[in-house]
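In this text the structure is predicted, and so the values were computed from the model without any measurement. Labels below follow one simple rule: chain letters A, B, ... track the order of the sequence lines, proteins then strands, and each chain is numbered from 1.
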There are 2 protein chains.
Amino acid sequence: MAERGEGTGRQPLTRDRVLRTAVAVADEQGLEAVSMRRLAQVLGVVPMALYKHVANKDELLAAMVDAVVTEMGAGSATVGDDGWRPALRGRVLAAREVLLRHPWARRVMEEQVSPTPAVLAHQDAMIGLLLAGGLSVDLVHHVMHALGSRVFGFSQELYDAAPAPVDPELLAVMAERMGAMFPNIVAVATSRPHDPATVVGPTGCDDRFEFEFALDLLLSGVERLHAEGWTSAPVSR
Amino acid sequence: MAERGEGTGRQPLTRDRVLRTAVAVADEQGLEAVSMRRLAQVLGVVPMALYKHVANKDELLAAMVDAVVTEMGAGSATVGDDGWRPALRGRVLAAREVLLRHPWARRVMEEQVSPTPAVLAHQDAMIGLLLAGGLSVDLVHHVMHALGSRVFGFSQELYDAAPAPVDPELLAVMAERMGAMFPNIVAVATSRPHDPATVVGPTGCDDRFEFEFALDLLLSGVERLHAEGWTSAPVSR
DNA sequence: GTCCGGAGGTGTACGGCGTACACCTTCATG
DNA sequence: CATGAAGGTGTACGCCGTACACCTCCGGAC
């Protein structure tokens, strides 16, 4: 008796518990406090025990951001009678709320090589909203880039993934699976290949064009506000 | 004879040489290759020798970003006959070029606690352009936030610095010095304190308002493009 | 000329990190 | 009961940043 529930390490160590603990530690003590050794200590276990549930630290970090992005609730996205804009706006603000609760997540996402499934789902939902709103595929493409650095900062490498699994057959299989899960992403990504000459890296998508598109969108908006004599925040907040 | 110029460690080790080597290593082999030990090895010297020229690794990283930001050339900013917009646009694009050459710099900046002098100078120059263009101080403030994540990603903590050096006298001295060096920043920062209730952290500036300001600027632009029947890139690229 | 002090390079050592590898227990299943 | 997999352990290696004591050299003060 008194065997279970008293120490910190009493309940069984599961991948889920590792993950939730890691997120909690990152939230409360910052990302730099998330080391395999510290995490193991918090869980009342020896460091190497974690490796029975997690491939390595990078995989753990990826799973952590996946959990966070899942909080954003990609499922609940539909365009109402008032059009795409309020729906998209709400979704972006919801994402922001989540990222405010987990300030470390943005940084981890940015240094990740390829997006996690939850990230793709989120992007797919956003694209779905815009397409449902009637925007052209090209416009949607650019909008996603323009919003990217605002929603989370990692949209530069949105459409890479699959770094050269040269086998074309395997690539076709992957494309098919992607299409089944994230139809909107595939629709946008395949419609308009980026100019390879202006691309940032061998696989990147941060064309100069995309950058200037977003920049000019902002500058035009500013110019308009200025021309309208904007001096302080409108009353409607 | 044959005493100097043959080995890698022949010329004297100076702070400048350490810095330039560090930037070169980061450019060529990535930021994770920049460790004090590896850097020392490249310089043909024992690791601890670096500490005679650099306080610690954080200070080295700060100096590295400072060098990069200086490349952006904060000095050459004036509003021509065609208004503030082309001047600002060119400056942002120039910053982007520099950051493309040093992809590690953005990440380092983002995890830095307070902006380096060169960063402040850059921001001051940008603000100067907008003010010279006749924009109101408030509008300039919001524009800087909106552009922030596009130019570099660190504008969230633009106006913090000075984390509670409670002594008001010392604070006044600092404010005076700041004003002498970066008059535009001070003008904007002091005109409109942020609502402490909606601020992200104790000192942050990433108000919900600033976020929505930029977001709505983008969304309005998109809406306008869509209404105009935008389907592909305008010919003027 | 002698002395001295500081600038700058060295060597050793400590505590932390991620994780490879061999090991041991436990327990459901043949 | 034997077996083998799943899961926790202990040890060890090679990285990391850097504290601290040391040495060496050189330019001026006397």
Side-chain angles (χ1 to χ4, degrees), chain A residues 1 3-26 28-66 104 107-108 111-113, chain B residues 1 3-26 28-66 104 107-108 111-113:
Chain A
M1 62 188 70
E3 192 56 82
R4 44 154 60 209
E6 60 183 44
T8 62
R10 283 280 77 101
Q11 59 270 76
L13 189 60
T14 64
R15 176 177 169 95
D16 201 69
R17 202 153 87 83
V18 170
L19 231 123
R20 284 139 57 95
T21 307
V23 169
V25 169
E28 289 158 24
Q29 319 194 46
L31 187 61
E32 69 285 355
V34 180
S35 74
M36 299 303 271
R37 293 170 128 102
R38 274 177 75 87
L39 196 51
Q41 192 182 334
V42 170
L43 287 162
V45 101
V46 90
M48 284 312 289
L50 301 179
Y51 288 87
K52 300 292 180 179
H53 305 274
V54 160
N56 51 51
K57 188 172 181 182
D58 275 354
E59 202 251 327
L60 169 65
L61 289 174
M64 286 170 67
V65 314
D66 217 55
W104 47 271
R107 225 180 327 149
V108 176
E111 44 204 48
Q112 218 132 54
V113 278
Chain B
M1 62 187 67
E3 191 58 78
R4 44 153 64 210
E6 60 183 41
T8 63
R10 285 280 76 102
Q11 57 271 79
L13 189 59
T14 63
R15 175 176 171 96
D16 201 68
R17 204 155 86 84
V18 170
L19 231 123
R20 284 139 57 95
T21 307
V23 169
V25 169
E28 288 158 25
Q29 322 194 43
L31 187 60
E32 68 285 354
V34 180
S35 74
M36 299 303 271
R37 293 171 128 103
R38 275 178 73 87
L39 196 51
Q41 191 182 334
V42 170
L43 287 163
V45 101
V46 90
M48 285 311 291
L50 302 180
Y51 287 87
K52 301 293 181 178
H53 305 275
V54 160
N56 52 49
K57 188 173 181 181
D58 275 354
E59 201 252 327
L60 169 65
L61 289 175
M64 286 168 69
V65 315
D66 216 56
W104 47 270
R107 225 180 328 148
V108 176
E111 43 205 47
Q112 218 132 52
V113 280

Measure from [atom1] on [X] to [atom2] on [N] and round the result to the nearest Å.
X: A:N56; N: C:dA20; atom1: CG; atom2: C1'; answer: 12 Å
X: B:Y51; N: D:dA21; atom1: OH; atom2: C1'; answer: 17 Å
X: A:K57; N: C:dC17; atom1: NZ; atom2: P; answer: 9 Å
X: B:L50; N: C:dG8; atom1: CG; atom2: C1'; answer: 12 Å
X: A:L39; N: C:dC17; atom1: CG; atom2: C1'; answer: 14 Å
X: A:M36; N: C:dC17; atom1: CE; atom2: C1'; answer: 11 Å
X: A:D58; N: C:dG18; atom1: CG; atom2: P; answer: 11 Å
X: A:Q41; N: D:dT9; atom1: CD; atom2: C1'; answer: 16 Å

Between [options], which nucleotide has the shortest distance from any of its atoms to the side chain of [X]?
X: B:R38; options: D:dT9, D:dC20, D:dC16; value: D:dC16
X: B:V46; options: C:dG18, C:dC21, C:dG11; value: C:dG11
X: B:L13; options: D:dT18, C:dG9, D:dG10; value: C:dG9

Exercise for the section: Mark yes or no for a side-chain to base donor-acceptor pair under 3.5 Å between A:K52 and D:dG8, with no hydrogen or angle criteria applied. Expected result: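 For A:K52, whose side chain was compared with the base of D:dG8, there is a donor-acceptor pair (under 3.5 Å).
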Problem - Base D:dG17 paired with B:R37 side chain (donor-acceptor, <3.5 Å) - result: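 Checked by distance alone, the answer is yes.
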Exercise for the section: Of all the heavy-atom pairs spanning B:W104 and B:V23, show the shortest one and how long it is. Expected result: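 That would be CZ2-CG1, 3.9 Å.
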Practice task
Compare every heavy atom of B:S35 with every heavy atom of B:K57, then report the nearest pair and how far apart it is.
Solution key: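 Shortest heavy-atom contact: NZ-CA, 4.2 Å.
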Handout entry: Reported CD-to-CG distance for the pair B:E111 and B:D58, which is rounded to 0.5 angstrom
Key =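 Rounded to the nearest 0.5 Å, the CD-CG separation comes out at 9.0 Å.
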Practice task
Compare all side-chain heavy atoms of B:L60 with those of B:L50 and state whether any distance is below 4.5 angstrom.
Solution key: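 SC-SC contact between B:L60 and B:L50 ruled out.
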Handout entry: B:L31 side chain reached by B:L61 side chain, heavy atoms, under 4.5 Å
Key =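 SC-SC contact between B:L61 and B:L31 confirmed.
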Practice task
Take A:V45 and B:E32, find for each the nucleotide of DNA chain D with the closest heavy atom, and name the residue whose nucleotide sits nearer the 5' end.
Solution key: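 By nearest-heavy-atom nucleotide position, the 5'-most residue is A:V45.
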Exercise for the section: Tell me whether the OP1 or OP2 atom of D:dG8 has a side-chain N or O from A:H53 closer than 4.0 Å. Expected result: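 True: A:H53 side-chain N/O within range (under 4.0 Å) of D:dG8 OP1/OP2.
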